[in-house]
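Everything below concerns the one structure shown next.
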Amino acid sequence: MTAYKSFFKIVSIFVLFTFMSCQDKESSFGDIYPPSNLQITASIVGQDSSNPNGDGTGIVNFTAVADNAISYKYIFSDNTNYNAPSGILQKRFNQNGLHSYNVTVVASGKGGVSTSKTISVEVLSNYQDAQSVQFLTGGTHKNWYWSASELGHLAVGPNSADATQNYFGYYYMAAPWEKAASADSSCLYNNVLTFTLNGNQLQYELNNNGSTFFNSNYESVAGGSAGYDHCYSYNASGVKTVTLSPSESLVMANPDHLTQTTGTVMNFSDNGFMGYYLGNSSYEIMSITANRMVVRVLQGNNSGLAWYHIFTTIPPVQDPITDYTNLVWSDEFNVDGAPDSSKWGYDIGTGSGGWGNGEAQYYTNSSNNVIVQGGNLLITAKAQSFNGSNYTSARLKSQGNFQFKYGKVEVRAKLPGGAGTWPAIWMLGSNISTVSWPNCGEIDIMEEMGNNPDVIHATLHYPGFSGSNGVTNSATFLGATSGFKVYKAIWTPNSIKFYVDGVLYHTFINNNSVPFNQDFFLLLNLAMGGNFGGNIDPAFSQATMQVDYVRVYQ
């Protein structure tokens, strides 16, 4: 009897277990119910009776709910789309003006079944940055490249509200051509970034030539496992839509921030990115001209890190010629008195419209403004009335005495201080008297403005790139007004490279289509004010640029 009861108990447990197992299987693999009763609500920010289409920010808050749904995807008629697992999404529409947009929500359920619904919203957006769009595309389309020869073309710093720390390259700055040294990273310089203006729509396409440089945190996206930043085969093709929005970064929030910004963010559709994969598709434009752009992007999985990229419209090409060593001309300024007349002449007067730049000084050859003394050439700008001008200074030139084609120029100088001062070391094409400027070409080896001391500029001017549209770059070199630094340009048939104390910070790719393959002469001057020097300190009395030597090698 006892054995029978035990046997019956065991059988009963087995039957119960089998029944429960069948129940579990039926629960897991039984009937699949598709999402139903999909509802979408849209709340336009700032919408009221006076502003039926919102406050002009273009921001709309969406909520989607459906029975049996486990995730949602939003698809917009401006060619953007976003996954929203919770069904809640905030979207900023950036096409300027009042526009109607179709919004399709796809609600997905178990087993991949889905349902969708479309609504429309009419939204007002007042945000625009026509200048950035013009620079990005040139009005049609334009190619951009990594500025590989520039210090800090790839850099990273903290995303902090502390203005003393949150600046370009606080943690790391790539040296010129650093990534070309290894196959692990050289693919970065093969990127071609194309921006196109298609009607009113800004579009973007990345040609990575088959390989992308991945931040190690995201290498799994490409199936990699190196554990460090690495180039991986990756398909980045496809046209992306770019929408613009106002920046809300810490740079904008802190007016004392050391890094400036245009206030515009580029948002790329479909996970678009700008060459270096960081898990983010929103890039803040820090600065942009017709030929140079600096952007800032937060690392996708670490918003405490802000990465900086520098791009140029000039394809990156390494020049095999790196230096010249045969000294062919120099002035060591070792004889006190007037500058050597066999080497230097002068520009006298104010020139046309302040030498075409609105400058405030009158150039003289007076010893009050230019003299060799104690082993240095002294060019002094003074606050004094002279021939209708409120300031005097000097501009020396080697025109008619010395001109050359290709070589290395080295000038050791200490720059003046004071708001409104504008010292320059530069060159002009020797044919200027026959073809005029900018057809002759201009090579600015060093320019600095007293209103922004220690920031050194190197610029090329030529037809199509004259005035404020020159091909330029700048970098900060502390101590330029408190001590001597060596300003250098190496000019070859293939490139013109600019250095301060041996640090390369700007490269121009030379070719037969530009006027930098002929004789040039040298100029040294100290201007006041104008469209580069800016506002002059009302208390300014005088300032001096000291030049230790000028040397030319070939």
Review item, side-chain donor-acceptor pairs of residues 412-429, under 3.5 Å, at least two apart:
from: Arg412; atom 1: NH1; to: Asp548; atom 2: OD2; distance (Å): 3.0
from: Thr421; atom 1: OG1; to: Gly418; atom 2: O; distance (Å): 2.7
from: Trp422; atom 1: NE1; to: Glu447; atom 2: OE2; distance (Å): 3.0
from: Trp426; atom 1: NE1; to: Asn525; atom 2: OD1; distance (Å): 2.6

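- Among residues two or more places apart in sequence or in another chain, the side chain to side chain contact (heavy atoms under 4.5 Å, CB included) test is passed with Asn81 by Lys73, Ile75, Asp270.
- Judged by the 6.0 Å and 45° rule, Lys91 forms a cation-pi pair with Phe93.
- Open room surrounds CG on Asn512; 12 or fewer heavy atoms of other groups in view lie less than 6.0 Å from it.
- By the neighbour-count criterion of 12 heavy atoms within 6.0 Å, atom CG of Asn531 is densely surrounded, having more than that number from other residues, nucleotides or ligands.
- Side-chain N/O atoms of Ser282 and Asn267 include a donor and acceptor closer than 3.5 Å.
- Taking the centre and axis of the six-membered ring of Trp144, the NZ or CZ atom of Arg292 falls outside the cone set by 45° and 6.0 Å.
- Applying the side chain to side chain contact (heavy atoms under 4.5 Å, CB included) test to Thr312 and every residue at least two apart in sequence or in another chain returns Ser147, Ile314.
- Val550 is listed as a side-chain neighbour of Trp329, based on a closest heavy-atom distance under 4.5 Å.
- Just one of Met274, Glu284, Met286 meets the side-chain contact (heavy atoms from CB on, under 4.5 Å) condition when paired with Val295; it is Met274.
- With sequence neighbours excluded, the residues forming a side chain to side chain contact (heavy atoms under 4.5 Å, CB included) with Gln131 are Asp129, Phe135, listed by chain and number.
- Taking 4.5 Å as the limit, every side-chain heavy atom of Thr472 sits out of range of all side-chain heavy atoms of Leu460.
- Here salt bridge (charged side-chain N to carboxylate O under 4.0 Å, His left out) pairs that include residues 428-441, with residues two or more places apart or in two chains, number zero.
- With hydrogens and angles left out, the side-chain atoms of Asn190 and Trp146 include no donor and acceptor closer than 3.5 Å.
- Defined by atom type and a distance below 3.5 Å, a donor-acceptor pair is missing between the side-chain atoms of Asn207 and Asn191.
- Under the rule for a side-chain hydrogen bond (donor to acceptor under 3.5 Å, both in side chains), Gln546 has no partner lying at least two apart in sequence or in another chain.
- Cation-pi contact between Lys408 and Tyr553: present, with separation from the ring centre below 6.0 Å and deviation from the ring axis of at most 45°.
- In this structure, a donor-acceptor pair under 3.5 Å is present between the side chains of Asn143 and Thr194.
- No hydrogens or angles considered: a donor-acceptor pair under 3.5 Å links the side chains of Arg296 and Tyr308.
- Defined by atom type and a distance below 3.5 Å, a donor-acceptor pair is missing between the side-chain atoms of Thr196 and Asn198.
- Residue Gln518 comes nearest to Trp491 through the heavy atom pair O-CH2, 3.1 Å, listed as atom of the first residue, atom of the second, then distance.
- Looking at heavy atoms from C-beta onward, Phe532 lies out of side-chain contact with Thr459 at the 4.5 angstrom threshold.
- Under the ring-ring contact (aromatic ring centres under 6.0 Å, His included) rule, Tyr189 has a single partner from Trp177, Tyr145, Tyr276, which is Trp177.
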